[in-house]
Amino acid sequence: MNVGHAQKKAAEQGVSDRARLIALCAGCLGLFINFFVCGVYVMSGAANALVFGEVAIYAVILATITVCAFRRYRIKQSFTIGLLGLFLVFWVGTFLEAATGQTAPFDFPLVLFIPLFLVIILQHQALFATAPVQAVCVYYYTCEFAILDIGPDWLPADQNAYALMMAAFSGFSFCALGIVAFARERADQKMVELIAEKDTLASTDGLTGLLNRRAFMDELQRLWGEQKTVRIAFVDLDHFKPLNDQYGHSVGDQILKKVANRISSVSYVAAAARLGGDEFAVVLKDDIASETVDGVLSRLHQTIVSDIRWDSGLITIGASIGYAEGETMGQSLSGLLRSADTAMRRAKGSRSDWARFNPRIDNEALATSTLEVELKSAIKNGQIKAAIQPIADAKTRKVVAHELLTRWTDSGFERDPSPKDFIPIAEKMGLLNEILWVTLDEALAHLDLREQKLAINVSPAQLLASDFLETLLSVLARHDVSPRAITIEITEEVAFRNVERNVAILEEARRLGMSIALDDFGTGYSSLSMLDTLPLDKLKIDQSFVRKSDQSAQSKSILLAAIRLAKQLGLESCVEGIETQKFAARVAVLGADHIQGYWLGRPQLVKDAQREFQIAS
Ligand code: C2E
Ligand code: MG
Ligand code: MG
């Protein structure tokens, strides 16, 4: 795996594009000059077989350079070999012309400068290699032929010194160009490296040198477009936090680095990233046969978990791996990632080394993790709405209150999630109060609570928030609603932990005028002792009692006992889940104070309930 490889390639591509342009221009210009000079020779009547031969060879070489550059075929090689060929052909031709007495007065400056132009754009190695050839050729040419042009009266010693001087001048000019070319090549290389380094820094995890999350997602996106199947493994270290606490952060960092090196060393890994903390992700090579994936995952796990020697002791590393593979047709990249994550959690939960995503087992967990991701933005985007369900007097059937319930609307899922699915998740994420303030605010804006009450569901964790009562009062005050209009529905879990504090808050709420109802009475394990502990005004008898009351006389007696118990304790009773008129009549006869259920009215979004109310009135 080569971090920043793509960026380096792009920078190199830029340099090679420039070389191609130079080769193309040089080839075309060379061809033009070649045929132009040939034309001059023909028109001046100086053309002969040698000239035509030279022109033909030049044309073939220049055309080869041009075509190779145009077709991007071995541009550098064809350019270098072609120009060196031109250089040699030039000298052979020049010596042949001179030997056959075809020198012209302007030939001498040409032998100094034409070779120079031919090699000027070559790399430094070629320039340094041709410098002595040029010097020797100039020396011989000057001695043998040019002196004749310049002046036959020169003394042989002067002639030799002059030829040497010319040779040295020409050779050194080649060397000077070589040095310039060397400097230019270094600058190019440095630029390529700098670009690669800059992009590498932006795309790698500073600690481990693996890809960072963003670069990993880019890489996945690229593979998603290129491969038929993408194979992902999620790696999460076990108990890394205690290790970090025990040995200190610098040791923690060393462990992460070591693990990163180990992951990279596994031959089937095509790309690896540290996603954050002790979480890594790996893309496996796509040429692995499906049946060997298990072996690869085992090897990956074994490689990661071997002990690390530290200060003459051994640190044991644990890891859980989740694997998911996806046909890129018809699946989403983020879905695949979540699947691997879900499988990893299952592996961790079952203390397995690794687990493959299995839709039959993991879909529920996957749905939960999807809801977790979406819920936060749902609250922010106003998809969480208030719904109300009426609660009526059991005898007169007059609506005396509403229960505030939450609905997730326009969720974008096939079916909007039910509160039974997302309320436990919101509780786990500590979002219930946020949801309560949003829905309560919406409900209070629409409801008239002078005659009727509003019941709100409050879980123990909500109650424990330090500003719970304060915020509740401020929301009520904003809508000019008295605390007397509010009933807090709690479940008996309130009495499981932090009992004293919970009781104190509930008592404070009561002192402010609110009522407290125990929700879903009869479904818990220690209902009776709760009645003693909690400050209550009302029992909401769970809907299962009503349903069962139809099945046996015994169940009916239990329902009656629950209603009587409330009465004897001086509490109001409300029976939930009244779905038919028969049940409504039955619980009224049994002495219940209030009823709630689909028969009376299903929960409705506050805005819809309000519209109905307006139409009715
Ligand atoms: P709950 O507080 O016992 O609310 C009554 C639940 O029973 C509601 O379900 C309501 O739709 C359902 N229900 C009412 N009448 C009938 C009936 O006649 N037949 C049947 N089969 N069901 C009936 P929902 O709205 O799905 O809420 C489920 C639970 O989620 C609630 O039970 C409550 O514990 C919790 N919940 C809902 N909204 C909130 C909220 O905003 N905050 C908190 N903390 N909990 C909430
Ligand atoms: Mg309730
Ligand atoms: Mg209930």
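Both ligands and their constituent atoms are indexed starting at 1 by order of listing.
- For ligand 1, the atoms closer than 4.0 angstrom to any heavy atom of Arg547 are 21 (N).
- Distances between N or O atoms of Glu403 and those of ligand 1 include at least one value under 3.5 Å.
- Using a 4.0 angstrom heavy-atom cutoff, Gly577 counts as in contact with ligand 1.
- Counting protein heavy atoms only, atom 34 (O) of ligand 1 is closest to Asn457 OD1, 4.3 Å.
- Of all the heavy atoms of Glu427, none lies under 4.0 Å from any atom of ligand 1, so neither backbone nor side chain is involved.
- Applying side-chain hydrogen bond (donor to acceptor under 3.5 Å, both in side chains) to Gln389 and the options Glu403, Gln604, Gln596 leaves one that passes, Gln596.
- Counting protein heavy atoms only, atom 38 (N) of ligand 1 is closest to Thr406 N, 3.2 Å.
- Residue-level proximity to ligand 1 for Gln389 is carried by the side chain, the only part with a heavy atom below 4.0 angstrom.
- Restricting Asp519 to its N/O/S atoms, the shortest distance to the Mg ion (ligand 2) is reached by OD2.
- The distance from atom CZ of Phe280 to atom CG of Asp205, rounded to the nearest 0.5 Å, is 7.5 Å.
- Looking at Ser552 and Ser555, their side chains do bring a donor and an acceptor atom within 3.5 Å of each other.
- Counting just the N/O/S atoms of Glu403, the one with the shortest distance to the Mg ion (ligand 2) is named OE2.
- For atom 19 (N) of ligand 1, the closest non-hydrogen atom of the protein is Glu579 OE2, 2.6 Å.
- Per-residue contacts place Gln462 under 4.0 angstrom from the following atoms of ligand 1 (heavy atoms of the residue considered): 44 (N).
- Of the charged side-chain nitrogens involved, at least one lies within less than 4.0 Å of a carboxylate oxygen, so that Glu226 and Arg222 count as a salt-bridged pair.
- For the residue pair Lys453/Ser515, the side-chain donor-acceptor check at 3.5 Å is satisfied.
- Heavy atoms of Glu576 found under 4.0 angstrom from ligand 1 belong exclusively to the side chain.
- Interatomic distance, Asn502 CG to Thr533 OG1, rounded to the nearest 0.5 Å: 11.5 Å.
- With respect to the salt-bridge test (charged N to carboxylate O, under 4.0 angstrom), the residues Asp520 and Lys540 do not qualify.
- Here's the thing with Asp519: one of its N/O atoms is less than 3.5 angstrom from an N/O atom of ligand 1.
- The shortest contact between atom 30 (O) of ligand 1 and any protein heavy atom is with Pro419 CB, 4.0 Å.
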Open item on the list: Apply ring pair (Phe, Tyr, Trp, His ring centres under 6.0 Å) to residues Trp354 and Phe234 and explain how you reach the verdict.
Closed with: CA-CA 9 Å; Trp354 53 267; Phe234 242 85; over 10 Å; no
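- The OD1 atom of Asp520 and the OE1 atom of Glu576 meet at the Mg ion (ligand 3) at an angle of about 80°, given to 10°.
- The nearest protein atom to atom 31 (C) of ligand 1, hydrogens excluded, is given as Leu405 CD2, 4.2 Å; this is a heavy-atom distance.
- Contacts of Asp520 with ligand 1, taken as heavy-atom pairs under 4.0 Å, involve the side chain alone.
- To the nearest 0.5 Å, atom CH2 of residue Trp224 and atom CE of residue Met217 are 10.0 Å apart.
- Considering each of Ile391, Ile423, Leu432, the one bringing a non-hydrogen atom nearest atom 46 (C) of ligand 1 is Ile423.
- Look at Arg478 and Asp441 and you find a salt bridge, because one of the NZ, NE, NH1 or NH2 atoms lies within 4.0 Å of a carboxylate O, short of that distance.
- With respect to Lys567 and Glu572, no salt bridge is recorded, no charged nitrogen being found less than 4.0 Å from a carboxylate O.
- For the pair Arg602 and Tyr598, the cation sits on the ring face: its NZ or CZ lies under 6.0 Å from the ring centre, inside 45° of the axis.
- Of the polar atoms of Trp599, none of the N or O atoms is found under 3.5 Å from an N or O of ligand 1, judged by distance alone.
- Only side-chain heavy atoms of Lys420 come within less than 4.0 Å of ligand 1; its backbone N, CA, C and O stay farther off.
- Considering backbone and side-chain atoms alike, Arg407 places an N or O below 3.5 Å from some N or O of ligand 1.
- Comment: Lys241 engages Asp245 in a salt bridge, judged by a side-chain N to carboxylate O separation of less than 4.0 angstrom.
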Task: Evaluation steps, salt bridge (charged side-chain N to carboxylate O under 4.0 Å, His left out), between Asp294 and Arg356 - done: CA-CA 9 Å; Asp294 289 5; Arg356 271 175 180 245; 2.9 Å; yes
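- The option from Arg602, Glu489, Gln543 that lies nearest to atom 6 (C) of ligand 1, judged by heavy atoms, is Gln543.
- More than 12 heavy atoms of other residues, nucleotides or ligands lie within 6.0 Å of NZ in Lys348, so this atom counts as buried by the packing criterion.
- Nearest protein heavy-atom contact of atom 23 (C) of ligand 1 is Tyr598 CE2, 3.4 Å.
- If you look at Glu489 and ask which of its N, O or S atoms sits nearest the Mg ion (ligand 2), the answer is OE1.
- Inside a 4.0 Å radius of atom 21 (N) of ligand 1 there is at least one protein heavy atom.
- Atom 11 (O) of ligand 1 has its closest protein heavy atom at Pro603 CG, 3.2 Å.
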